[in-house]
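In what follows, residues are counted from 1 in the order of the sequence shown.
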Amino acid sequence: MYYNNDTTVFLDGKWIKAKDASSGMYNQTMHYGNGVFEGIRAYQSTEGSNIFKAKEHFERLIYSAKKMHIKLPYSVEELIQIAYTLLDKNELVDAYIRPLVYAGDSMSLMPSNDSHVFMAAWKWEKYLGDKPLNVMLSSFQRPNPKSCHVEAKVVGHYTNSILATQEAKSLGYDEALLLDMHGNVAEGPGANFFIEQDGVLYTPPAGNILPGITRATIIELAKELDITVVEKHFTIEEVYKADNAFFVGTAVEVAPIASINGEKFKGLWEDSAGHNIYLMYRQKVRYNHYQGLTIV
């Protein structure tokens, strides 16, 4: 699914075949989860492939690495260059890009002195599909923000996401919705969450969530459409009273939610503010081409 015999990846400054890529069995990321990554999408544009919000994604990758004390020896511009070259070498236009910064060999709980940079790309449809989702309120909470850097995109954090997703799938739901430690709505396993009430959008504030780049984009587009967005804490009871709800994220893009725990939303998605923003988002991602790169 992710590669074939011809797929090229980037690993520690070299272009190699994906089938030949390998890592040490004693690396700290695999044993303890201390690694960072990004999920980035590229879209067909009028000027070729456009990596949407490339700068913001790689800035966050560098931020995450710094927070986790992992060395990342590339600048934002260099990482953007690598990403476009990766697409070119694999003849990809619409694609999902996965940069991963993982630690070197270390069984200590101190940060490793060594690090590795890997980047791959493949064709990947919307992660949660196109149909409105039936969502379950998860029995798992989002991690306490005093226990880790929740605003960093850290490999180990996603064990929480796997548990929540597996629980939801095993009970016949499409996806999960998690609360924070205070019982307020937080986010999905891999996406931020919005509700709509009387034309106003509400989304949980930063602090207990990963403040996603797609989330920020949705807020920007809402302002362009004169749609009010309120960042505030709210409970699941408030969610049940909303007109509509949706997930947003790089992998899922914008995913409408039909129901939570069987409680259906009363509004029509096609008539919602969220749907109008989604239509604008689909245009935005294809007309924001990054300029000034020479593919090598």
Carboxylate-amine/guanidinium proximity below 4.0 Å for [X] and [Y]:
{"X": "E220", "Y": "K53", "answer": "yes"}
{"X": "K55", "Y": "E59", "answer": "yes"}
{"X": "K14", "Y": "D20", "answer": "no"}
{"X": "E175", "Y": "K169", "answer": "no"}
{"X": "E187", "Y": "R142", "answer": "yes"}
{"X": "D94", "Y": "K123", "answer": "no"}
{"X": "R98", "Y": "E38", "answer": "no"}

For [X], does the [atom1] atom sit with more than 12 other heavy atoms under 6.0 Å from it, leaving out its own atoms?
{"X": "K17", "atom1": "NZ", "answer": "yes"}
{"X": "K126", "atom1": "NZ", "answer": "yes"}
{"X": "M107", "atom1": "CE", "answer": "yes"}
{"X": "Y127", "atom1": "OH", "answer": "no"}
{"X": "E125", "atom1": "CD", "answer": "no"}
{"X": "K232", "atom1": "NZ", "answer": "yes"}
{"X": "E91", "atom1": "CD", "answer": "no"}
{"X": "Y3", "atom1": "OH", "answer": "no"}

Rounded distance [0.5 Å steps], [atom1] in [X] versus [atom2] in [Y]:
{"X": "D180", "Y": "N208", "atom1": "CG", "atom2": "CG", "value": "4.5 Å"}
{"X": "N34", "Y": "L109", "atom1": "CG", "atom2": "CG", "value": "10.0 Å"}
{"X": "L210", "Y": "S161", "atom1": "CG", "atom2": "OG", "value": "9.5 Å"}
{"X": "I213", "Y": "N192", "atom1": "CD1", "atom2": "CG", "value": "10.5 Å"}
{"X": "N134", "Y": "L171", "atom1": "CG", "atom2": "CG", "value": "13.0 Å"}
{"X": "Q28", "Y": "N113", "atom1": "CD", "atom2": "CG", "value": "9.5 Å"}

Does any part of the side chain of [Y], heavy atoms only, come nearer than 4.5 Å to the side chain of [X], both counted from C-beta?
{"X": "N90", "Y": "L86", "value": "yes"}
{"X": "F193", "Y": "I257", "value": "yes"}
{"X": "S139", "Y": "E167", "value": "yes"}
{"X": "L87", "Y": "I51", "value": "yes"}
{"X": "F265", "Y": "D243", "value": "no"}
{"X": "H233", "Y": "E238", "value": "no"}
{"X": "M68", "Y": "V36", "value": "yes"}
{"X": "Y102", "Y": "V155", "value": "no"}

Is [X] reaching over with its side chain to a backbone N or O of [Y], donor-acceptor style, under 3.5 angstrom?
{"X": "R41", "Y": "W124", "result": "yes"}
{"X": "E151", "Y": "I209", "result": "no"}
{"X": "H31", "Y": "S108", "result": "no"}
{"X": "S49", "Y": "V93", "result": "yes"}
{"X": "N261", "Y": "M136", "result": "no"}
{"X": "D12", "Y": "V117", "result": "yes"}
{"X": "T159", "Y": "G156", "result": "yes"}
{"X": "S138", "Y": "A164", "result": "no"}
{"X": "E78", "Y": "S75", "result": "yes"}

Apply salt bridge (charged side-chain N to carboxylate O under 4.0 Å, His left out) to the pair E47 and R286, showing each step before the final yes or no. CA-CA 9 Å; E47 302 173 54; R286 297 181 183 277; over 6 Å; no

Less than 6.0 Å separating the ring centroids of F37 and Y158? yes

Taking the inter-plane angle between the rings of W269 and H275 on a 0 to 90° scale, is it parallel (under 30°), tilted (30 to 60°) or perpendicular (over 60°)? perpendicular

In terms of the angle between their ring planes, are W122 and Y2 parallel, tilted or perpendicular, with boundaries placed at 30° and 60°? perpendicular

Considering non-hydrogen atoms only, spot the tightest contact between G249 and T214 and give its length. C-OG1, 3.3 Å

R282 vs E253, test: salt bridge (charged side-chain N to carboxylate O under 4.0 Å, His left out). Steps then yes/no. CA-CA 9 Å; R282 291 294 297 168; E253 297 183 329; 2.9 Å; yes

Is there a path of hydrophobic side-chain contacts, each under 4.5 Å between heavy atoms of I, L, V, M, F, W or Y residues, that connects I218 with L133? no

Is there a path of hydrophobic side-chain contacts, each under 4.5 Å between heavy atoms, that joins Y173 and V239? no

Going through the distances and angles, do T85 and Q81 end up as a side chain to side chain donor-acceptor pair (under 3.5 Å)? CA-CA 6 Å; T85 303; Q81 173 72 73; 3.2 Å; yes

Knowing that exactly one of L128, T217, L279, V248 qualifies, which makes a side-chain contact (heavy atoms from CB on, under 4.5 Å) with V254? V248

